[in-house]
Amino acid sequence: MTDALRPAAPQPLEKKDDGYFRKGCNPLAQTGRSKLQNQRAALNQQILKAVRMRTGAENLLKAATNHKVREQVRLELSFVNSDLQMLKEELEALNISVGVYQSTEETFTIPLIPLGLKETKDVDFSVVLKDFILEHYSEDSYLYEDDIADLMDLRQACRTPSRDEAGVELLMSYFLQLGFVESRFFPPTRQMGILFTWYDSLTGVPVSQQNLLLEKASILFNIGALYTQIGTRYNRQTPAGLEGAMDAFQKAAGVLNYLKETFTHTPSYDMSPAMLSVLVKMMLAQAQEIVFEKVCLPGIQNEFFMLVKVAQEAAKVGEVYQQLHAAMSQAPVKENIPYSWASVACVKAHHYGALAHYFVATLLIDHQLKPGADEDHQEKCLSQLYDLMPEGLTPLATLKDAGQRRQLGKSHLRKAITHHEESVRGVSLCKKLRNIELLQEVLSAAHQRSQLKYTQHQEDDDLLNLMDAPDIISKTEQEVEIIVPQFSKVTATDFFQKLGPLSVFSANKRWTSPRSIHFTAEEGDLGFTLRGNSPVQVYFLDPYCSAALAGVKEGDYIVSIQNVDCKWLTVSEVMKLLKSFGEDDIEMKVVSLLDSTSSMHNKCATYSVGMQKTYSMICLAIDDDDDKTDKTKKISKKLSFLSWGTSKNRQKSASTLSLPSVGVVRPHVKKKLPAPLSLLTSDSSLY
């Protein structure tokens, strides 16, 4: 029941060019994983129904005053709680269904734990985005129907990603696309009315928000979960398979850690910082387990130094699983973490601790210090195995004394057998783990091996010479680490790039509706220059040129010329287009930003967010001196940024140095409105 058993799909579905479904998504694949996910979706719906019934019963219990009614409600509430508990246990059984995700190859390795994908409800972007395009961008929304459909198709495809790199890339592309959508359509001061619903992967409880952050966080969680499913799929009997599995679990840890650090207030419990910290530990522990398997893959030679290395690697794995189990046992994680996961962590901590003691016992019992052996090296290795040798023993003396070696080795065997018994008992106490036959076979085989070793060297006087085996110092040749997600490697094109460059045409900026300007170039002179990248801005505007008299303002963005979209054109391209009309009449559409802060950023070296009211007062102060500066305004040559500090205005008020653009508008509006009135009118909506 894995992807390898997928039935052959019809030919049109296999071809990417047919466009039946996106690359990295196959909703028709009948695999064990897809069936498991369908069961998860059905359970989520049942849990949602039970939660609603419980909420209704609790509300009725609070409102009811009749004693009989309250008793009846309490009885019904107990039934609902019992049903909800059973549903959550079924969901836990899905979370521990590790066999479905494992490699199809016959292996004798302990199964690894993957994460299930979060389920969601359908979302309709069309109505809200169309209204916003018409209202905010003043464009015909029907031109973007295909783009909205592409966005919705991409989201739908992300519900059934394939278990490979193509599936990860699909989820990452949607995550990046959500960044564009958030900037385009989700202003920070208003709710858009789109409700996102995602189900907790551990409890099945739904969480709904109108915030796009829930959508982004849930997609990130699913990227991490998909990496875990990819990691469990690898064949861990080959070097390449082990490398791929370890890489996948480290990437899963990186995505989940990025989610924890980036989205700190997610309402879903499986994405809470405490739970994500535990999940990161679990992924790294499983990656460390794979490191141990890499060391053992070529075969464990019965050689002193090799056994020292393997013993310390096993001790490292046991240590990280012990830390993981301790983290899972802490509140508030303990209440919602699947009991079977905590049991697995405890079982593996004991199992790998037992292996460490078994290998140390083997190197002590089976290897005697012979003449010509590297005595110093062996003494150093043995001393590095322990923090503290048992009382009365030293590394060199123990190596030379066969009796001491045997006694110390048998103490390690007894410790190994104790750990094996604890691991077997841990499996027997968890109903879900008892159903994993492979796990029981691995634990039983290791237990029998240690018992056989101890039986071979058991003596009648062992009870008289009991010795506590010291703890083994953990050490690894390859420390696992978090791999940060590389979103930059995924190419994502903004579906709504026709709206214009995101730096200007975004949801958090406001501008006027496009104004049609009809003007001519007098003797080849447009009367203004251009600046900026895309879109370009009008700059150095002659207040008496044809364009200025027609309504162009300095700082306006050019959006089209003669119905040619200019939002993505560069300065040279727009200038070339304007000059191509010669002295003919030119129709140009421009927009003006309504936020004064947007225009001030480009020119003001001392701008701060809290200066808006100061700005309006400065405008009035400058206009009081309008008669004194009238002659200087007719000069066509403008002062550069570096020369503003040397202007005469510096002598009047130091606060006016950062606002040379104030005087730009006055020559044009002087003929129509008094300067103070025009300035307050243009910016009155801000104050």
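On a predicted model such as this, the values are computed, not experimentally measured, just so you know.
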Quick check on [X]: does its [atom1] atom have over 12 non-hydrogen neighbours (other residues, nucleotides or ligands) under 6.0 Å away?
X	atom1	answer
Lys294	NZ	yes
Gln456	CD	yes
Gln322	CD	no

So [Y] and [X], do their side chains get closer than 4.5 Å, heavy atoms only?
X	Y	answer
Ile223	Ile219	yes
Phe263	Leu220	yes
Gln286	Met283	yes
Cys296	Val310	yes

*Report yes or no: do Gln448 and Ser444 form a side-chain donor-acceptor pair below 3.5 Å?*
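Judged by distance alone, the side chains do pair up.
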*asked:* Can a side-chain donor-acceptor contact be found between Asn336 and Thr203 if the only test is distance below 3.5 angstrom?
replied: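 Judged by distance alone, the side chains do not pair up.
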*Where does the angle between the aromatic ring planes of Phe196 and Phe125 fall among parallel (under 30°), tilted (30 to 60°) and perpendicular (over 60°)?*
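Judged by the thresholds at 30° and 60°, the geometry between Phe196 and Phe125 is tilted.
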*asked:* Parallel, tilted or perpendicular, judged at 30° and 60°: which one describes the rings of Tyr352 and Phe292?
replied: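 Aromatic pair Tyr352/Phe292 classed perpendicular.
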Using modelled atom types and a 3.5 Å cut-off, is there a donor and acceptor pairing between side-chain atoms of [X] and backbone atoms of [Y]?
X	Y	value
Arg236	Leu242	no
Lys316	Ser474	no
Glu169	Val490	no
Glu303	Met306	yes
Arg163	Gln229	yes
Asp200	Val205	no
Ser218	Glu215	no
Thr228	Ala225	yes
Asp164	Gly167	yes

*Apply side chain to side chain contact (heavy atoms under 4.5 Å, CB included) to Lys453 and Ser450, showing your working.*
CA-CA 5 Å; Lys453 189 80 171 178; Ser450 295; 5.7 Å; no
*Before giving the answer on salt bridge (charged side-chain N to carboxylate O under 4.0 Å, His left out), spell out for Asp468 and Arg414 the whole-Å C-alpha distance, their side-chain angles and the decisive distance to 0.1 Å.*
CA-CA 9 Å; Asp468 287 335; Arg414 287 193 293 269; over 6 Å; no
Please report whether the ring centroid of [Y] lies less than 6.0 Å from that of [X].
X	Y	value
Phe487	Phe175	yes
Tyr386	His412	yes
His419	His357	yes

*Would you sort out whether Lys118 and Ser268 count as a side-chain hydrogen bond (donor to acceptor under 3.5 Å, both in side chains), showing the intermediate values?*
CA-CA 11 Å; Lys118 291 172 69 71; Ser268 183; 3.3 Å; yes
*Hey, mind stepping through Asp366 and Arg406 against salt bridge (charged side-chain N to carboxylate O under 4.0 Å, His left out) and telling me if it holds?*
CA-CA 9 Å; Asp366 292 357; Arg406 189 180 305 108; over 6 Å; no
*Go through the steps to decide whether Asp122 and Arg159 satisfy the test side chain to side chain contact (heavy atoms under 4.5 Å, CB included), and finish with yes or no.*
CA-CA 10 Å; Asp122 292 334; Arg159 299 179 67 175; 2.3 Å; yes
